Each structure stands twice: as structure tokens, then as C-alpha cells.
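For clarity, every value in this text was computed on a predicted model and none was experimentally measured.
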Amino acid sequence: MSGLQSNLNHNIIMENRNKVSISGVEDVDSFDEQTVVLFTSAGLLTVKGSDFHINKLNVESSEVVIEGDVESLVYSDSMGGRESSGGGFFAKMFK
């Protein structure tokens, strides 16, 4: 990723590996009880673990709060085309 395409600040706050607050979220690509994939202003972020619940999803503040057992947070530079699963959660929700 050569340059950030967004002016959103991106922060992650993790509490005891069971609650993650993430800001700078541009879209939610996919989520289930074990994996959450987010497009952030810092790139594609994959959160893996178990028993996930999205407790807060705020489009206006670009914030997501995930609760569950967090095992890993991994960034990927393959953000460019956003072609992974068809437009993301926000795109599908507001069609």
C-alpha cells in the first residue's frame, strides 16, 4: 500500500484480549464468530478468535467494538480493489 486513501485516524484498544475497540474503520468486509475482516484507514485488518460479537458498529464515528476471545490481529496490504467478498457490510446494508 503506497499511500493511505483516507484521513481517518486508526486506533486499536484491546482490553484483556476479550474486547477490541477499533476506530478508522471504513467498511466491514465480513464477520462471523471466529473472524472479522475490516477495511481500515491503515489497511485490511483481520481479527481472529472465537465467540465474537460485534457490540458496536457506528458508521458516523467509523468505530467497531468486538467482544470475544481474541487470538490475533493481522494487517494485509491488499486493500486496493476491495474485491474479496462483494463490497462489504456497509455497502450491502445501504443498497
Which atoms form the tightest heavy-atom contact between F52 and V70, and what is the distance?
CE2-CG2, 4.1 Å
Roughly how far, to the nearest 0.5 Å, is OG of S23 from CD1 of I13?
7.0 Å
F39/L44 under side-chain contact (heavy atoms from CB on, under 4.5 Å): CA gap, chis, key distance, verdict:
CA-CA 5 Å; F39 292 108; L44 187 70; 3.4 Å; yes
When you look at CG of D32, are more than 12 heavy atoms from neighbouring residues, nucleotides or ligands closer to it than 6.0 Å?
yes
On a heavy-atom basis, the closest approach of E63 and S21 is OE2-CB, 4.3 Å
Drop me the distance from E33's CD to D69's CG, to the nearest 0.5 angstrom.
11.0 Å
When every non-hydrogen atom of V25 is compared with those of L8, the smallest separation belongs to O-CD1, 4.3 Å
So OG1 of T35 and CG of D29: to nearest 0.5 Å the spacing works out to 11.5 Å
Rounded distance [0.5 Å steps], CD in E67 versus CG in D51
11.5 Å
Out of V36, T46, V20, which residue meets the side-chain contact (heavy atoms from CB on, under 4.5 Å) rule with L73?
V20
So does E60 get a backbone contact from the side chain of N58, meaning a donor-acceptor N/O pair under 3.5 Å?
yes
Is it possible for you to say whether L38 and V65 belong to one hydrophobic cluster, with membership spreading through side-chain heavy-atom contacts below 4.5 Å?
no
Are E26 and S62 side-chain neighbours, meaning at least one heavy-atom pair lies under 4.5 Å?
no
Taking G24's backbone N and O only, do any of them form a donor-acceptor pair with T40's side chain (distance below 3.5 Å, no angle check)?
no
